[in-house]
Amino acid sequence: MQMKEFAKHPLIMKRAEGVWYEDVNGKKYLDGISGIFVVNIGHKNRKILDAMKRQLEELSFAPPIHSTNLRALELADLISSITPGNLHTVKFFSGGSEATEAAMKLARQYHKQSGNPGKFKVISLYDSYHGATMGALGASGVTKRKTLFEPFGSGYVHVFPPTCYRCPYALNYPECNILCARIVEQIVKKEGPETISAFIIEPIGNTGGIVTPPPGYFEILREICDKYNILLIFDEIITGFGRTGEMFAAQTFGTNPDILCMGKGMASGYAPIGGIAFSDRIAEAFYGREEQQVQFSHGHTFGGNPLSCAAAIASINEIRDRDLPHKARENGARIVERLQKLQHPEVIGNIRGKGLIIGAEFVKDAKTKEQFNEQLNFGVRVGKAAQQKGVILRFDPNWIAFAPPLTIESNEIDTMMNIFSESLDAILMTTK
Ligand SMILES: Cc1ncc(COP(=O)(O)O)c(C=O)c1O
């Protein structure tokens, strides 16, 4: 954010519990976006705090360069038991960008040592975001965050995302036959299949406005990847750990990736952590071979930090024991229902998402899908008004997103939606 602006009225948080933050002035805010898609089990969960305290008494650090530790092993087992398919090998990092960088490097090295050294390019979506580091940003497709830092390394190919409401090919689902997925095969052929290492995708794209692929999209991508020996990487840094109504979006969409990236909600923000889980096929290309340099030549100092792992184990157990993915589906449905019953539903052109990640796109005219004049900064004004009234959301000029902790109660959803509705009405009054 622009610091000069922020410094005029800085929002400084002091404490938080459940879905509520309190700032240094004693004002309360409902956390409608789980920090930033992170605090899946809510703030100040006693079980996590106790697990972390116990861990600190035992071991706070053991670097991955020469050892591992009990909590990292326990977490690897747990991750392997909750991820779909045969993603039985796990590597830990400190956050999301490290995870996506590692996934793309793993794909390159995998191909190098499995007889396809020419496979280095990565295909990804326009409007996507895979992290702030140079490699992850190169794969990202969100113009605003990228152009200042260009040029990136070569080998990034972008395709249009499945934004059905504003189809890039001006088609309608299902008559479109999901061209946005099928066209990937043409792109692979033009680029040369022997040059493509991986396809990285967020199952639901945040920065593009909660972009939610239609049924059938991932089946087509999976088929193309299998046909051309391309690794399918799911960036589940936002969608993982119950957010979409299953433990992972891969399960929500019924498609198994070859590599799954995780971060954010992995330890619900109690400690920084990220990771990748990958398939047995990939692992076999690295494990126990005699030749030189076949181990994955990549790592970070804080990978597998015992305190972070203890927090993640406790957080994942909480998600499982309380069946929070199920609660996410119920809570998400309640938000959708409230959006449909707004006093001014005509300015919501499209509602999308899965589980408890719901986006609403603003339109001036729902029939023509005309957007509000750019200068109005409509969605940003609605989001800021809601924040002033005590609800924190994720907002953009043309859309707004709701993704509170999965533990949110129905009365708290009502509070969040009442304040959103009042904020929308207030901005509409000044807009007309
Ligand atoms: C989908 C996705 N991938 C990767 C990242 C990068 O994660 P981090 O900010 O933890 O490095 C983010 C962060 O917002 C994200 O939303």
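Reckoned from all heavy atoms, side chains included, excluding hydrogens, waters and symmetry mates.
- Legend: residues meeting salt bridge (charged side-chain N to carboxylate O under 4.0 Å, His left out) with K364, ordered by chain and number and at least two apart, are E370.
- Residues forming a side chain to side chain contact (heavy atoms under 4.5 Å, CB included) with P215 (at least two apart in sequence, or on another chain): Y173.
- Side-chain contact check for C309 versus I273: some heavy-atom pair is nearer than 4.5 Å.
- For Y110 and F278, the gap between ring centers reaches or exceeds 6.0 Å.
- With sequence neighbours left out, the salt bridge (charged side-chain N to carboxylate O under 4.0 Å, His left out) criterion links R338 to D414.
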Just distance, no hydrogens or angles: give the donor-acceptor pairs under 3.5 Å from side chains in residues 374-391, sequence neighbours left out.
unit_1, atom_1, unit_2, atom_2, d
R381, NH1, L376, O, 3.2
R381, NH2, T430, OG1, 2.9

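- A311 approaches Y270 most closely through the heavy-atom pair CB-CB, 4.1 Å.
- Atom CZ of F302 has 12 or fewer heavy atoms from other residues, nucleotides or ligands within 6.0 Å.
- Within the 4.5 Å cutoff, the side chain of P325 has no heavy atoms near those of the T252 side chain.
- With no hydrogens or angles considered, no side-chain donor-acceptor pair links N69 and R71 at under 3.5 Å.
- Within the structure, salt bridge (charged side-chain N to carboxylate O under 4.0 Å, His left out) contacts touching residues 122-142 (residues at least two apart or in different chains) do not occur.
- Salt bridge present: E409 and K327 bring a charged side-chain N and a carboxylate O closer than 4.0 Å.
- Sorted pairs that involve residues 95-107 and meet salt bridge (charged side-chain N to carboxylate O under 4.0 Å, His left out), not counting sequence neighbours, are lacking altogether.
- Considering every non-hydrogen atom in both S80 and H88, the closest pair reads OG-CD2, 3.3 Å.
- At least one side-chain heavy atom of N40 sits under 4.5 Å from a side-chain heavy atom of R243.
- Shown here is K369, whose NZ atom has more than 12 heavy atoms of other residues, nucleotides or ligands within 6.0 Å.
- By the salt bridge (charged side-chain N to carboxylate O under 4.0 Å, His left out) test, R145 is found to be paired with no residue, residues two or more places apart in sequence or in another chain being considered.
- Put simply, CG on N256 and CG on L87 are 7.0 Å apart, with the number rounded to the nearest 0.5 Å.
- A salt bridge links R222 and D226; the closest N-O separation between the charged side-chain nitrogens and carboxylate oxygens is under 4.0 Å.
- A donor-acceptor pair under 3.5 Å is absent between the side-chain atoms of T212 and the main chain of R352, judged by distance alone.
- Applying the salt bridge (charged side-chain N to carboxylate O under 4.0 Å, His left out) test to residues at least two apart or on different chains, the pairs with a partner in residues 156-185 are R166-E361, E185-K227.
- Every residue two or more places apart in sequence or in another chain that forms a side chain to side chain contact (heavy atoms under 4.5 Å, CB included) with E318 is listed here: I41, N45, K47, R322.
- I237 places none of its side-chain heavy atoms less than 4.5 Å from the side chain of Y129.
- Residues D258 and I233 are not in side-chain contact: their nearest non-hydrogen atoms beyond the backbone lie 4.5 Å or more apart.
- In terms of heavy-atom proximity, Y165 sits nearest to V363 at OH-CG1, 3.5 Å.
- Using a 4.5 Å heavy-atom threshold, the side chains of L231 and I259 count as touching.
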Verdict with reasoning, V38 to S268, per side chain to side chain contact (heavy atoms under 4.5 Å, CB included): CA-CA 5 Å; V38 169; S268 279; 5.7 Å; no
Checking side chain to side chain contact (heavy atoms under 4.5 Å, CB included) for the pair K91/F93: CA distance, chi angles, key distance, verdict? CA-CA 7 Å; K91 191 167 169 67; F93 307 108; 3.8 Å; yes
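- Here CD1 of I220 is found 12.0 Å from SG of C225. Values are rounded to the nearest 0.5 Å.
- Between the side chain of S128 and the main chain of S124, no donor-acceptor pair closer than 3.5 Å is present.
- For A76, the side chain to side chain contact (heavy atoms under 4.5 Å, CB included) partners at least two apart in sequence or on another chain are V90, F92.
- Residues R329 and E246 are in side-chain contact: their nearest non-hydrogen atoms beyond the backbone lie under 4.5 Å apart.
- In this structure, the side chain to side chain contact (heavy atoms under 4.5 Å, CB included) partners of P203, at least two apart in sequence or on a different chain, are F218, F234, E236, T239, A249, F253.
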Evaluate side chain to side chain contact (heavy atoms under 4.5 Å, CB included) for Y126 paired with T143, printing each intermediate quantity in order. CA-CA 8 Å; Y126 287 116; T143 325; over 6 Å; no
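- Between C261 and A99 the shortest heavy-atom distance is SG-O, 3.9 Å.
- The line from CD of E74 to CG of L70 is 8.0 Å long, rounded to the nearest 0.5 Å.
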Apply side chain to side chain contact (heavy atoms under 4.5 Å, CB included) to the pair T147 and E150, showing each step before the final yes or no. CA-CA 5 Å; T147 43; E150 283 173 337; 3.7 Å; yes
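- With sequence neighbours left out, the salt bridge (charged side-chain N to carboxylate O under 4.0 Å, His left out) criterion links K121 to E191.
- Proximity of L342 to F420: side-chain heavy atoms (C-beta onward) are separated by under 4.5 Å at one or more points.
- T407 contributes atom OG1, which lies 9.0 Å from atom CG of L356 (distance to the nearest 0.5 angstrom).
- Other residues, nucleotides and ligands place more than 12 heavy atoms under 6.0 Å from the NZ atom of K27.
- The backbone N or O of S140 lies less than 3.5 Å from a partner atom in the side chain of H158, making a donor-acceptor pair.
- Contact detail for A16 and Y21: the closest heavy-atom pair is CB-CD2, 3.7 Å.
- Considering all non-hydrogen atoms of both residues, S97 and G131 come closest at OG-CA, 3.3 Å.
- Between F296 and H298, the angle of the ring planes stays under 30°, which puts this pair in the parallel group of the 30/60° scheme.
- For the atom pair OH of Y29 and CH2 of W20, the computed distance is 11.5 Å after rounding to the nearest 0.5 Å.
- With rounding to the nearest 0.5 angstrom, the OG atom of S308 is 9.5 Å from the CG atom of L75.
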